[in-house]
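These values consider heavy atoms only, across backbone and side chains, with no hydrogens, waters or symmetry-generated copies. Numbers for residues simply follow the sequence, beginning at 1. Start at 1 and go down the list; that is how both ligands and their atoms are numbered.
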Amino acid sequence: MLTKRPLGSTGLLAPPLCIGTSAIGSIPGIYGYEVDRDQALRTLRAVFDGPIRFLDTSNGYGGGESERRIGAVLREIGGVPADFLLSTKVDPDASGDFSGERVRASLAESMERLGMDHLPLVYLHDPERITFDQATAAGGPVEALVQAKEEGLVGHLGVAGGPVDLLRRFVNLGVFEAVITHNRFTLLDRSAEPLLDQCAEAGVAVLNAAPFGGGMLVKGPDTAPRYAYRMASDEVKQSAAGMWRACEQAGVPLAAAALQFSMRDPRIGTTVVGITRPERLAHTLELAALDIPDDLWAELDKLTPASGTWLR
Ligand SMILES: NC(=O)c1ccc[n+]([C@@H]2O[C@H](COP(=O)([O-])OP(=O)(O)OC[C@H]3O[C@@H](n4cnc5c(N)ncnc54)[C@H](OP(=O)(O)O)[C@@H]3O)[C@@H](O)[C@H]2O)c1
């Protein structure tokens, strides 16, 4: 199940699952709970020791705490293992500066925190924080990333963010070899469909992040009533509750269907799952391996919320 495959046209090999570390940086405003350093380090040690050899972070998660915690574990184990892929992202600074100069500083910070002198895969993170014109202007972040790649600081470039039409514009530039979309190709939202088709045609790798919508599709809508880091509409919560019941009747956890919904799509190279506890690793693999009957897929499809509720 974890066999590595080519990641788009990068020449890198990546497994179909990747561990995401935004919550590991402790962001209670988004996830609703703190994650203390000890728990984060135990989780990260288990990840580097475990079967899923791919980790995703960013300069900005938890104000840099995600990278700092990863760096602490990398120092314990003597650096990134040879068979392991670690990706990060460039972010604006606290003042909101997302210039080319800031991108250079973001790369330097990430390298220092992680103890790496080369970053194999770096994404432009959430470019919706500036306009497309600002992002692509001379002296802007896209130019700085391309330069960093030419200089060999960075191996491959990706773009990671929300709005689907914006990501599609970035893919059209032809400089990004990988795209992270999040919360937009799940049991509850299909808005990334056109992006998936575009990337498949262009040979650009798609990493589908947040298959659980940030928690709702694994913890259930009663425990986790937020979807994509904000309170979900009644329609979305009712849909998730209906899916929960349908899965219960079929004897399958909703989380298994949510994870496999992403993993079974041939346009998706890797599915990125966020965890903050070591025991989640084995559980993720169990969820990925469970048999899901065809009629349950058909039932879940019927329970998909109307397209008007999708994030886009
Ligand atoms: N713009 C971007 O680039 C972007 C945006 C969103 C996400 N991402 C990446 O994608 C990753 C995944 O997204 P996400 O973490 O927001 O959402 P997610 O993967 O949909 O859900 C994460 C949530 O699911 C819970 N969970 C995971 N496995 C579980 C299990 N086996 N049992 C019970 N609960 C489980 C986690 O709980 P615990 O914390 O309790 O383990 C956490 O609350 C991020 O960490 C990040 O690396 C990138």
Q: Counting only nitrogen or oxygen atoms and a 3.5 angstrom limit, does Tyr31 reach ligand 1?
A: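 Yes.
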Q: Quick check: does Ile180 get an N/O under 3.5 Å from an N/O on ligand 1?
A: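 N/O-N/O distance below 3.5 Å does not exist for this pair.
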Q: Indicate, as side chain, backbone, both or neither, the part of Val272 found under 4.0 angstrom from ligand 1 when only non-hydrogen atoms are considered.
A: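 Both parts.
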Q: Of all the atoms in ligand 1, which lie at a distance below 4.0 Å from a heavy atom belonging to Ala209?
A: 7 (C), 8 (N), 9 (C), 10 (O)
Q: Residue-level breakdown please: for Pro211 versus ligand 1, do any non-hydrogen atoms fall below 4.0 Å on the side chain, on the backbone, on both, or on neither?
A: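 It is both backbone and side chain that touch ligand 1.
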Q: Record the part of Asp126 in heavy-atom contact with ligand 1 below 4.0 Å; permitted values are side chain, backbone, both and neither.
A: side chain
Q: Should Arg102 and Asp91 count as an ion pair when the cut-off is N to O under 4.0 Å?
A: no
Q: Ring of Phe84, cation from Arg53 - is the NZ or CZ under 6.0 Å from the centre and inside 45° of the axis?
A: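 No, a cation-pi geometry is absent between Arg53 and Phe84.
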Q: Of the side chain and backbone of Tyr123, name the one, both, or neither that has a heavy atom under 4.0 Å from an atom of ligand 1.
A: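 Tyr123 to ligand 1: no contact under 4.0 Å from either part.
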Q: Indicate yes or no: at least one non-hydrogen side-chain atom of Leu86 is less than 4.5 angstrom from one of Thr57.
A: yes
Q: How far is atom 31 (N) of ligand 1 from its nearest protein heavy atom, and which residue and atom name does that atom have?
A: His283 ND1, 2.7 Å
Q: Could you work out, for atom 37 (O) of ligand 1, the closest of Lys219, Lys89, His125 by heavy-atom distance?
A: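 Heavy atom nearest to atom 37 (O) of ligand 1 belongs to Lys219.
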